[in-house]
Colleague: 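I have a structure I would like to understand better, so I am pasting it below and will then ask my questions one at a time.
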Amino acid sequence: MQMTCNKGMQRQQKLSGFSLVELLVTITVVGLLAAITVPAVQGIRLSAQQAECASNMRQIGSALLLYAASNDHKLPETSHTAAAGRTWIYTIADYLGNSDEVRICPVDPKGEERLAAGGTSYILNSFLFVPQYDPFGRPIGGASNNISLIENPARTMMAFVISDSQGVGDANDHTHSQGWTSWSAVTRDISPNRFALGRSSNSTSGSSNYLYADGHVEKHEATSLKERIERGENFAAPN
């Protein structure tokens, strides 16, 4: 009787276990699900971070426009012309409340360093914020530091997401976009691929956010902007 009982238990254990084939199939299915799910989760997280970055830029845009409305249409200065502690990062703080909450992009790998150094993940378009002068010291160009001189604000870029190659201090607050004659010149100043899965080093593999002079933010794919530069079109230049 005892022997019969033992045989029955052994038979039941064999029936309830996984065969090697079943185990391999299970592992394969789990692997496939992971391969599908992980990129999807990463994509959702990246979209949320890009939306947070866009919100930061919209708030910065609103503060810049409020500053101009309170200062006879004049835009705040960058470190190119302003004294220490008087650049736009500081002068728009009164219109933001706590500028620390919006001046750092959520996926900026140097975000903590910039925050500690008083810098920002967002840099202003030098076409609009850095006055140009001729050899005799006379101002040249159009819209520099005056919002009312921008002919088409809805199509004129005002701020970008900073490049990783830029420093972290508050002096790194504006581009040198007049010199964007090549894609390498663009990527020295800004990050057209800030939002790319896997944080790819390929400068055309993702997209980034762009703040326009009317206060709205658009996402542009890096590839489309590179094509414009290669056609000889500087997308930072006011229309």
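A quick note: this is a predicted structure, and the numbers were derived from the prediction, not measured. All heavy atoms count here, side chains included; hydrogens, waters and symmetry mates do not.
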Colleague: State, yes or no, whether a side-chain contact exists between Asn152 and Pro238 at a heavy-atom distance under 4.5 Å.
Modeller: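 Heavy-atom side-chain distance check fails, nothing below 4.5 Å.
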
Colleague: Assess whether side chain to side chain contact (heavy atoms under 4.5 Å, CB included) is satisfied between Tyr67 and Thr91, documenting all intermediate values.
Modeller: CA-CA 8 Å; Tyr67 178 95; Thr91 53; 4.0 Å; yes

Colleague: Evaluate the criterion side chain to side chain contact (heavy atoms under 4.5 Å, CB included) for residue pair Arg114 and Ile162; output intermediate values, then yes/no.
Modeller: CA-CA 11 Å; Arg114 296 191 204 283; Ile162 196 169; 3.6 Å; yes

Colleague: Do Pro153 and Ile147 have side chains that get closer than 4.5 Å, going by heavy atoms?
Modeller: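 Not touching, per the 4.5 Å side-chain cut-off.
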
Colleague: Quick check for you: to the nearest 0.5 Å, what is the distance between Leu66 atom CG and Leu96 atom CG?
Modeller: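 It is 9.0 Å, given to the nearest 0.5 Å.
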
Colleague: Report yes if the side chains of Val161 and Met57 come closer than 4.5 Å at any heavy-atom pair, otherwise no.
Modeller: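 The answer is yes; the side chains approach within 4.5 Å.
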
Colleague: State the CD1-NE2 distance between Ile123 and His176, to the nearest 0.5 angstrom.
Modeller: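 Interatomic distance, Ile123 CD1 to His176 NE2, rounded to 0.5 Å: 9.0 Å.
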
Colleague: So how far is it from Lys219 NZ to Phe195 CZ, rounded to the nearest 0.5 Å?
Modeller: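 Those atoms lie 10.0 Å apart.
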
Colleague: How close do Asn202 and Asn193 get, heavy atom to heavy atom, and via which atoms?
Modeller: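 In this case the closest contact between Asn202 and Asn193 is O-ND2, 2.8 Å.
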
Colleague: What are the two closest non-hydrogen atoms of Ile229 and Ser182, and how far apart are they?
Modeller: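 Of all heavy-atom pairs spanning Ile229 and Ser182, the closest is CG2-C, 3.7 Å.
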
Colleague: With a 4.0 Å cut-off on N to O distance, would you call Glu221 and Lys226 a salt bridge?
Modeller: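 No, Glu221 and Lys226 are not salt-bridged.
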
Colleague: Measuring from atom CG of Asn56 to atom OG of Ser121, what distance do you get when rounded to the nearest 0.5 angstrom?
Modeller: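 Output value for this atom pair is 8.5 Å.
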
Colleague: Do Leu75 and Ile89 belong together in a cluster built from hydrophobic side chains that touch within less than 4.5 Å?
Modeller: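 Yes, Leu75 connects to Ile89 through the hydrophobic network.
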
Colleague: Please check this pair: side chain of Thr120 against backbone of Arg103, looking for a donor-acceptor N/O pair closer than 3.5 Å.
Modeller: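 Flag set: sc Thr120 to bb Arg103 pair under 3.5 Å.
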
Colleague: For Glu233, is the CD atom crowded, meaning more than 12 foreign heavy atoms sit under 6.0 Å from it?
Modeller: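 Enclosed: over 12 neighbouring heavy atoms sit under 6.0 Å from CD of Glu233.
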
Colleague: Supply the atom-to-atom distance Leu64 CG to Leu128 CG, rounded to the nearest 0.5 angstrom.
Modeller: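 So the CG of Leu64 and the CG of Leu128 are separated by 10.0 Å.
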
Colleague: Check the pair Ile60 / Trp88 against side chain to side chain contact (heavy atoms under 4.5 Å, CB included), numbers first and verdict last.
Modeller: CA-CA 10 Å; Ile60 289 172; Trp88 70 271; 3.9 Å; yes

Colleague: If I compare all heavy atoms of Thr78 with all of Val130, which pair ends up nearest, and what's the gap?
Modeller: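 Scanning both residues, the minimum pair turns out to be OG1-CG2, 3.9 Å.
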
Colleague: Determine whether His174 and Ser79 make a side-chain contact, defined as any pair of heavy atoms from C-beta on separated by less than 4.5 Å.
Modeller: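 Heavy-atom side-chain distance check passes, below 4.5 Å.
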
Colleague: Answer yes or no: does atom CZ of Arg155 have more than 12 heavy-atom neighbours from other residues, nucleotides or ligands under 6.0 Å?
Modeller: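 Yes, the 6.0 Å shell around CZ holds more than 12 heavy atoms from other groups.
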
Colleague: Going by atom types only, do Ser177 and Asn125 share a side-chain donor-acceptor pair under 3.5 Å?
Modeller: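 Ser177 vs Asn125: donor-acceptor pair found between side chains.
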
Colleague: Spell out, yes or no, whether Leu225 and Val217 are grouped together once hydrophobic residues are joined by side-chain heavy atoms under 4.5 Å, including indirect joins.
Modeller: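 No; tracing contacts between hydrophobic side chains, which count when under 4.5 Å, never links both residues.
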
Colleague: Should Tyr210 and Val102 be counted in the same cluster of Ile, Leu, Val, Met, Phe, Trp and Tyr side chains packed under 4.5 Å apart?
Modeller: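 Hydrophobic grouping puts Tyr210 apart from Val102.
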
Colleague: Kindly indicate whether the side chain of Ile190, heavy atoms from C-beta on, has any atom under 4.5 Å from the side chain of Trp180.
Modeller: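 Yes, side chains in contact.
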
Colleague: Whether the side chain of Asn146 engages the backbone of Ser148 through a donor-acceptor N/O pair (distance < 3.5 Å, no angle test) should be reported.
Modeller: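 A pair under 3.5 Å: yes.
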
Colleague: Checking ring-ring contact (aromatic ring centres under 6.0 Å, His included) for the pair Phe235/Trp183: CA distance, chi angles, key distance, verdict?
Modeller: CA-CA 11 Å; Phe235 55 84; Trp183 188 240; 7.1 Å; no

Colleague: Report yes if the side chains of Tyr122 and Phe160 come closer than 4.5 Å at any heavy-atom pair, otherwise no.
Modeller: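 Heavy-atom side-chain distance check fails, nothing below 4.5 Å.
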
Colleague: Are Thr87 and Glu77 packed together at the side-chain level, in the sense that at least one heavy-atom pair is separated by less than 4.5 angstrom?
Modeller: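 No, too far: nothing below the 4.5 Å cut-off.
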
Colleague: Assess whether side chain to side chain contact (heavy atoms under 4.5 Å, CB included) is satisfied between Asn209 and Glu218, documenting all intermediate values.
Modeller: CA-CA 6 Å; Asn209 292 327; Glu218 291 184 20; over 6 Å; no

Colleague: What closest approach, in Å, do Ser203 and Pro192 show between heavy atoms, and which atom pair accounts for it?
Modeller: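 Scanning both residues completely, I find the closest heavy atoms to be O-CB, 4.3 Å.
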
Colleague: Asp189 and Thr175: side-chain donor and acceptor closer than 3.5 Å?
Modeller: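 There is no such pair between these side chains.
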
Colleague: Going by an N to O cut-off under 4.0 Å, is there a salt bridge joining Asp164 and Lys110?
Modeller: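 No.
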
Colleague: What is the minimum heavy-atom distance between Ile150 and Ala213, and which atoms define it?
Modeller: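 Scanning both residues completely, I find the closest heavy atoms to be CD1-CB, 3.8 Å.
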
Colleague: Nearest 0.5 angstrom please: Gln49 CD to Cys105 SG, how far?
Modeller: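 Rounded to the nearest 0.5 Å, the CD-SG separation comes out at 8.0 Å.
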
Colleague: To check you understand the geometry: which heavy-atom pair defines the closest contact between Arg194 and Val107, and what is its length?
Modeller: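 Taking Arg194 first and Val107 second, the nearest heavy atoms are CD-CG2, 3.5 Å.
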
Colleague: Any side-chain heavy atom of Leu124 within less than 4.5 Å of one from Asp173?
Modeller: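 The answer is no, as the side chains (C-beta and beyond) never meet within the 4.5 Å cut-off.
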
